[in-house]
Amino acid sequence: QVQLVESGGGLVQAGGSLILSCAASLASGFTFGMLTMGWFRQAPGKEREFVAVINWSGRIPSYADSVRGRFTISRDDAKNTVYLQMNNLKPEDTAVYYCNADSSHSLSDYIKAPPSSLRNWGQGTQVTVSS
């Protein structure tokens, strides 16, 4: 099993920056470096949506169109941690941000998969961007 704990959320003004972290605790048999790690978000009254993903090698990040060029996903396998650097934040970025760990999908299938079909979620961290 994989347990995920997100941190780093908060209140920030539009144009500001935040760094989210997601620390993983792994049961025996799991290797963090072999997991695809993703970030999703869910705004009030909306469905959870894909934000960013980084594959096991760390060399293939992918982003939702709404955040590309502003957000950067990265990973530190030595610390079992994935990060989401968020710059130039906008009020529409306000949401609960969730971390996800996956070992079942190809990268392309993971991006297209309904969030409800994915396992291994953290509890989420609130990001609020004021205008």
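Since this is a predicted model, take the numbers as computed values, not measurements. FYI, side chains are in, hydrogens and waters are out, and symmetry mates aren't considered; it's all heavy atoms of this structure. Counting begins at 1 with the first residue of the sequence.
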Exercise for the section: Check whether any side-chain heavy atom of Leu26 sits under 4.5 Å from a side-chain heavy atom of Asn80, and report yes or no. Expected result: yes
Exercise for the section: Taking Asn100 for its side chain and Asn120 for its backbone only, find out whether a donor-acceptor pair lies under 3.5 Å. Expected result: yes
Exercise for the section: Take Met37 and Phe32, measure what side chain to side chain contact (heavy atoms under 4.5 Å, CB included) needs, and give me the verdict at the end. Expected result: CA-CA 9 Å; Met37 299 299 298; Phe32 183 80; 3.8 Å; yes
Handout entry: Any donor-acceptor N/O pair, Thr81 side chain to Lys79 backbone, under 3.5 Å
Key = yes
Problem - Shared hydrophobic cluster, Val67 / Tyr83 (ILVMFWY, side-chain heavy atoms < 4.5 Å) - result: no
Problem - Donor-acceptor pair between Asn55 and Tyr110 side chains, under 3.5 angstrom - result: no
Exercise for the section: Carefully, step by step, assess Asp102 and Thr36 under the rule side-chain hydrogen bond (donor to acceptor under 3.5 Å, both in side chains). Expected result: CA-CA 5 Å; Asp102 184 79; Thr36 291; 5.1 Å; no
Practice task
Mark yes or no for whether Gln123, through its side chain, and Glu6, through its backbone, hold a donor-acceptor pair below 3.5 Å.
Solution key: yes
Practice task
Test Ser17 against Gln85 for side chain to side chain contact (heavy atoms under 4.5 Å, CB included), laying out the working first.
Solution key: CA-CA 8 Å; Ser17 298; Gln85 170 75 52; 4.0 Å; yes
Practice task
Check the hydrophobic clustering (I, L, V, M, F, W, Y; side-chain heavy atoms under 4.5 Å; chains of links allowed) and say if Val129 and Leu18 are grouped together.
Solution key: yes
Handout entry: Phe40 ring center near Trp121 ring center (under 6.0 Å)
Key = yes
Completion exercise
For Ser131 and Ala14 the tightest heavy-atom approach is CA-CB, 4.4 Å
Problem - same_hphob_cluster(Tyr98, Leu35) at 4.5 Å side-chain heavy-atom cutoff - result: no
Practice task
For the pair Tyr63 (side chain) and Ile73 (backbone), establish whether a donor and an acceptor sit closer than 3.5 Å, ignoring hydrogens and angles.
Solution key: yes
Exercise for the section: With rounding to the nearest 0.5 Å, note down the distance linking CE in Met86 to OG1 in Thr72. Expected result: 11.0 Å
Handout entry: Rounded distance [0.5 Å steps], CE in Met34 versus CG in Asp77
Key = 10.0 Å
Problem - Thr125 side chain vs Gly9 backbone, donor-acceptor pair below 3.5 Å - result: yes
Practice task
May I ask you to decide if Ser106's main-chain N or O and Asp109's side chain share a donor-acceptor pair within less than 3.5 Å?
Solution key: no
Exercise for the section: Please round to the nearest 0.5 Å and tell me the distance separating atom NZ of Lys112 and atom OG of Ser117. Expected result: 12.0 Å
Identify every side-chain donor-acceptor pair in residues 46-54 under 3.5 Å, counting partners at least two apart or on other chains, and give the distances.
unit_1: Arg48; atom_1: NE; unit_2: Gln42; atom_2: OE1; d: 3.4
unit_1: Glu49; atom_1: OE2; unit_2: Arg41; atom_2: NE; d: 2.7
unit_1: Glu49; atom_1: OE2; unit_2: Arg41; atom_2: NH2; d: 3.3

Exercise for the section: Kindly determine whether Trp39 and Val82 satisfy side chain to side chain contact (heavy atoms under 4.5 Å, CB included), including the steps that lead there. Expected result: CA-CA 9 Å; Trp39 285 98; Val82 63; 4.0 Å; yes
Practice task
State yes or no: do Leu4 and Leu118 share one hydrophobic cluster built from I, L, V, M, F, W and Y residues joined by side-chain heavy-atom distances below 4.5 Å, directly or via other members?
Solution key: no
Exercise for the section: Using the rule that two of Ile, Leu, Val, Met, Phe, Trp, Tyr join whenever any of their side-chain heavy atoms come within less than 4.5 Å, decide whether Trp56 and Val2 are in one cluster. Expected result: no
Problem - side chain to side chain contact (heavy atoms under 4.5 Å, CB included) evaluation trace for Ile60 with Leu107 - result: CA-CA 9 Å; Ile60 309 179; Leu107 189 62; 3.2 Å; yes
Practice task
Kindly write out the residues that satisfy salt bridge (Lys or Arg N to Asp or Glu O under 4.0 Å) with Arg68, not counting sequence neighbours, or none if the list is empty.
Solution key: Asp65
Problem - Inter-residue atom distance Leu89.CG - Arg70.CZ, 0.5 Å rounding - result: 6.5 Å
Exercise for the section: Quick one: pull up OG in Ser66 and NZ in Lys90 and give me the separation to the nearest 0.5 Å. Expected result: 8.5 Å
Practice task
Measure from the side-chain N and O atoms of Asn87 to the backbone N and O of Phe71, and report whether any donor-acceptor pair falls under 3.5 Å.
Solution key: no
